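Some notes on the structure that comes next.
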Amino acid sequence: MSFLSKNAFTILVLVSVSTSVLADHITIKGAWLPEAAPVARVMAAYMDISNHSKQTSFITSVTSPQFKKVEIHSMSHKNGMMHMEKQEQLKLPAGKTVALQPGGFHMMLFNPKEWFKDGSKITLNITLDNKETFQIIAPVIKETGNDSGMQHHNHH
Amino acid sequence: MNTDTENKAKSSLPLLIIVVAALSVAAGVVINQGYLSSSRDSQTPTRLEATVLPKPRPILGFELIDHHGKPFTAENLKGNWSFAFFGFTNCPDVCPTALKIMQGVWKKLPKDKTKPNMLFFSVDPDRDPPEVLKQYVTYYHPDFMGITGKLDQIDIITNQLGILYGYNDKDNKSEDYNVNHSAQVLLIDPQGRMRAVFSPPYDAGSISHALDVIRNFYEG
């Protein structure tokens, strides 16, 4: 967890700012995007999505005015390769938290309208299966690169 | 190793004994010399978060280009340690993560030793021409080098290294196809042979420590 300790203050600030109570029963914590190379056509967004209700919800679409399109992808290790698979929807089980993190589920954002540097704010419009939509703002963070990628976050 | 083909001579036993004796002495000399110089080579340091190959794997016979457009062949793997990673620039998660880890490894490199090479091989040459690769890898560190070329040449090296890759939906007209690929970081020795493998989840500290141990072990 040394990435977290190194950037603890920054993350605390960003997490406190970016915890959003949305659509009555969904909270999203710790949303962020790692800064990518200016030439990169894609970025990833990570976050923890909690469903506080007693019913399963699904995220059916995500858009951003700053990107051409956003997809949700799973990541798995199969046959010696990392496989990304587009998810038509993201299942949010009742009472559980789904973690989007490096090496696992993530949002994939295509064709940024400009290079989003450290500190940029990305707007994500999320639609659920019950047609509710809500918006979150996620910061772009330039990691120091000192620490582990694909850490396994400990969840409650 | 030493396989002596024994010729069954029609000649008499004394001659056979002399021949066998001579060959044994010769073999002994060869084995001894071979053992002294390669004994370290076929051992591996222990207790590392890396898989060190007891038999380093030669990497041969490919013709690619680096991100300056200059030829890159097996000869370029000689003379220094190199890290190698196979990915593509339209990779949102695995490749940026690996390159950031390598960025972290670079921060921990000892100042008194030659810096290794960091080679990012693209398995997606259609979307990763040299100019794109150059901008992509040098964003992570100016020392990093992108390598690309024709797929059949890329296959020559991926086959030797046990790296797999494949395209998802590339037949669609869309430019947004995905490439599945192995995510190991490989360590290549100054003889141009694959020496060690790091598997995800990676850690910059472990990789740089392993590089140190491995270099000391084989270079003394």
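No experiment lies behind these values; they were computed from the predicted model shown. Proteins come first, then strands; the chains are lettered A, B, ... in the order of their sequence lines, and each starts at number 1. Atoms considered below: every heavy atom in the structure, side chains included; atoms not considered: hydrogens, waters and symmetry mates.
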Fill in the blank from the handout: Of A:Met43, A:Met82, A:His106, A:Gln101, the one forming a side chain to side chain contact (heavy atoms under 4.5 Å, CB included) with B:Asp93 is A:His106
Exercise for the section: Apply salt bridge (Lys or Arg N to Asp or Glu O under 4.0 Å) to B:Asp155 and list each qualifying residue two or more places apart in sequence or on a separate chain. Expected result: none
Problem - Neighbour count >12 (heavy atoms, 6.0 Å) for atom CD, A:Gln55 - result: no
Problem - Choice from A:Gly104, A:Ala40, A:Ala36 maximising heavy atom contacts with chain B below 4.5 Å - result: A:Ala36
Handout entry: Separation between CD of B:Gln184 and CE of A:Met81, rounded to the nearest 0.5 Å
Key = 11.0 Å
Fill in the blank from the handout: Between A:Val42 and B:Thr89, the two heavy atoms sitting closest are CG2-O, 4.4 Å
Handout entry: Atom CD of B:Glu63 with >12 non-hydrogen neighbours under 6.0 angstrom
Key = no
Practice task
Go through the atoms of A:Glu35 and report whether side chain, backbone, both or neither lie under 4.5 Å from a heavy atom of chain B.
Solution key: both
Handout entry: NZ/A:Lys113: more than 12 non-hydrogen atoms of other groups inside 6.0 Å
Key = yes
Exercise for the section: Search all heavy atoms of B:Lys100 against all heavy atoms of A:Pro34 and return the closest pair with its distance. Expected result: NZ-CB, 3.4 Å
Handout entry: B:Leu164 to A:Asn79 - nearest heavy-atom pair and separation
Key = CD1-O, 3.1 Å
Fill in the blank from the handout: Between B:Pro92 and A:Ala44 the two heavy atoms that sit nearest each other are O-CB, 3.5 Å
Handout entry: Residue pair B:Asn178 / A:Lys86, side-chain heavy-atom distance below 4.5 Å
Key = no
Handout entry: Residues from residues 64-77 of chain A approaching chain B under 4.5 Å (heavy atoms)
Key = A:Lys68, A:Lys69, A:Met75
Practice task
Tell me, out of A:Met108, A:Lys78, A:Met84, who's got the most heavy-atom pairs with chain B below 4.5 Å.
Solution key: A:Met84
Completion exercise
On a heavy-atom basis, the closest approach of A:Arg41 and B:Asn90 is NH1-OD1, 2.7 Å
Problem - Minimal non-hydrogen separation, B:Tyr139 against A:Pro38, with atom names - result: CD1-CD, 3.5 Å
